[in-house]
There are 2 protein chains.
Amino acid sequence: MSWRKDSRGERGYHHGNLKEALLQAALGLIAEKGPAGFTFADAARTAGVSAAAPYRHFRDRDDLLASIAQRGFEQFELVLTAAWDDGRPNTVTAFERIGKAYLAFARTEPAFYSAMFESGIPVDSSPELAAAGERAFGVIRAAAERLAALTPPGVTRPPAMMMALHIWSLAHGVASLFGRGDAARRKLPMSPEDLLEAGALIYLRGLGFPTDQNVHKSDTTTAPKSGPWGTAPK
Amino acid sequence: MSWRKDSRGERGYHHGNLKEALLQAALGLIAEKGPAGFTFADAARTAGVSAAAPYRHFRDRDDLLASIAQRGFEQFELVLTAAWDDGRPNTVTAFERIGKAYLAFARTEPAFYSAMFESGIPVDSSPELAAAGERAFGVIRAAAERLAALTPPGVTRPPAMMMALHIWSLAHGVASLFGRGDAARRKLPMSPEDLLEAGALIYLRGLGFPTDQNVHKSDTTTAPKSGPWGTAPK
DNA sequence: GGCTCATGTTAAAGCCATTCACATGAGCTG
DNA sequence: CAGCTCATGTGAATGGCTTTAACATGAGCC
């Protein structure tokens, strides 16, 4: 009844790394069937253990989901931080990259994304989860602060927090409504990325930032666009 | 085994209006426990029928959910239409009211809202659902078209569809992230309504609309259909 | 070698979704 | 009014899921 752990990854009575295996299994299942379709039992089956085993590592199904959401926020923070790249080569460009990274994350990591935002687990489900979410948002806020500090002279400086919330909301709205591959999709005359970029540029212009191609400092390459929205809607 | 229908709303073997009763029951349950927590059996119990009865009216649980979402979009359309009020007293003010109505709907009708946007049912689940969603969005699009037509001279006119999508995304993002009473709430330095209004105003300013304090609310003297702020042939 | 406890297993209770055969009675037809 | 029919409900059965409890295993430690 109890096989030894052989060279091919078989296991004995004890799994050895069940917690991690369950998280991975759940991630795959959520990606397949959404956070609602995912079942605790299925994750256990995928990991090759009995249905009761997961309870040694997670209080219940929601606890697993919260763990995934937390891990998702951690990944999210990394991705956003990389996109921001400390504001290089210039603040506006880097800021735009954050928006793109937001959408890219929603698209390439739908399992994380839905666990984070659509699973129905409250943000304050655990302090760690809340903290992870806060850190991820912190990247956007920090970028907004840098951006706010660059407000052109003669323009009243907007609160960085508000800017961060606006951009977050816009990115989140675009991602939620149009961002995922196949579910809940609505037809769009443009890509979500372009939609978000245009919106963000218009928004920044509304704050007094010069956003057209001829303006910003060290941006060497320029897009052939003439304004926030390209040439013509499809 | 079969009571007569007495004066107080008791019922006999046949319910008489079960479909409606199930929709109402489900609506209440979703409001209580979210779209995930709601169960078909619970709805049946609330309506006072056996667990199998609902299947005479809905193909399955998702079908009920889709019906609720559809009804939600219909309500939503009404609410948005009322808020828009055909652009009175001026286009920008009415446009702002749409944003407020969006948030108000998310807050006062959380059951509808989550069935519409967070239940995981695909938009094209049924043609009726898709059409209802399209009509609701149509209100925003129509408003955006009126607004786009008012672009001040000398400014390139933005595509109305794009404007509509931006505003929808922003409103949806704010509502999803911060809009509901108690679940998934994050702390905010301002109300969701103020956040959205500020964002929308900044956005409109970025499009070249004069939106600051010195600008509008000035529909009192001029005829509502003339001048830069009111001319919009239907 | 022997202990102990974290980690798994089996078994069981309770809930839910879904289906099938059957019951009821509302409304039509004559 | 008698009788028929079919939409609408009921009960019971199947199979899955969640969660708990009692028991088994063996890894790490003396």
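A note on names: the letters A, B, ... follow the listed sequences, proteins ahead of strands, and every chain is numbered from 1.
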Asks: Using 30° and 60° as the class limits, which term best fits the ring planes of A:H166 and A:Y203: parallel, tilted or perpendicular?
Replies: perpendicular
Asks: Can you tell me how far C1' of D:dA7 sits from NE2 of B:H57, to the nearest Å?
Replies: 9 Å
Asks: Assert yes or no for the condition that the ring centre distance of A:F117 to A:F73 is strictly below 6.0 Å.
Replies: yes
Asks: Looking at B:R45, I'd like to know whether one of its side-chain N or O atoms comes within less than 4.0 Å of OP1 or OP2 on C:dC16.
Replies: yes
Asks: Between P on C:dC16 and CZ on B:F38, what's the gap in Å once rounded to a whole number?
Replies: 11 Å
Asks: What do you reckon, are the aromatic ring centroids of B:Y55 and B:F40 less than 6.0 Å apart?
Replies: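 Yes, they do, as the ring centres are separated by less than 6.0 Å.
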Asks: Compare the minimum distances between each of C:dA21, D:dA21, C:dA17 and the side chain of B:F40, then state the nucleotide with the smallest one.
Replies: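 Ranking C:dA21, D:dA21, C:dA17 by closest atom to the B:F40 side chain puts C:dA17 first.
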Asks: Which part of the nucleic acid, if any, lies within contact of B:S50, taking any heavy atom under 4.0 Å across all strands shown: a base, the sugar-phosphate backbone alone, or nothing?
Replies: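 Since a base atom lies under 4.0 Å of B:S50, the category is base.
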Asks: Under 4.0 Å, counting only non-hydrogen atoms across every strand here, what does B:R61 touch: a base, just sugar-phosphate, or nothing?
Replies: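 B:R61: backbone/sugar contact only, no base atoms under 4.0 Å.
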Asks: B:A41 side chain: which of D:dT18, C:dA17, C:dC20 is closest?
Replies: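 So the side chain of B:A41 is nearest to C:dA17.
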Asks: Nearest heavy atom decides the nucleotide; on that basis, is B:V49 or A:A51 closer to the 5' end of DNA chain D?
Replies: B:V49
Asks: Using whole Å, what does the distance between atom P of nucleotide C:dC16 and atom CG of B:L64 come to?
Replies: 15 Å
Asks: For B:K33 and C:dC15, what is the distance between atoms NZ and P respectively, to the nearest whole Å?
Replies: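 Rounding to the nearest Å, NZ of B:K33 and P of C:dC15 are 12 Å apart.
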Asks: OH of A:Y55 versus P of C:dA6: gap in Å, rounded?
Replies: 20 Å
Asks: Rounded to whole angstroms, how far apart are CG on A:N17 and P on D:dA27?
Replies: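 So the two atoms are 15 Å apart, to the nearest Å.
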Asks: Once you measure the plane-to-plane angle for A:F105 and A:F112, does it fall in the parallel (<30°), tilted (30-60°) or perpendicular (>60°) bin?
Replies: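 Plane angle under 30°, so parallel.
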Asks: Would you mind reading off the distance between A:R59 atom CZ and D:dT18 atom P, rounded to a whole angstrom?
Replies: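 Whole-Å distance recorded here is 16 Å.
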Asks: When we call it a touch if two heavy atoms are under 4.0 Å apart, what does A:D60 touch: a base, just sugar-phosphate, or nothing?
Replies: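 Contact class for A:D60: sugar-phosphate only.
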Asks: Please pick, from C:dA17, D:dG9, C:dT10, the nucleotide with the shortest atom-to-atom distance to any side-chain atom of A:A52.
Replies: C:dT10
Asks: How many Å lie between CG on A:D63 and P on D:dT18, as a whole number?
Replies: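 A:D63 atom CG is separated from D:dT18 atom P by 14 Å.
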Asks: Quick check: does any side chain N or O of B:R97 sit under 3.5 Å from a backbone N or O of B:R88, one acting as donor and the other as acceptor?
Replies: yes
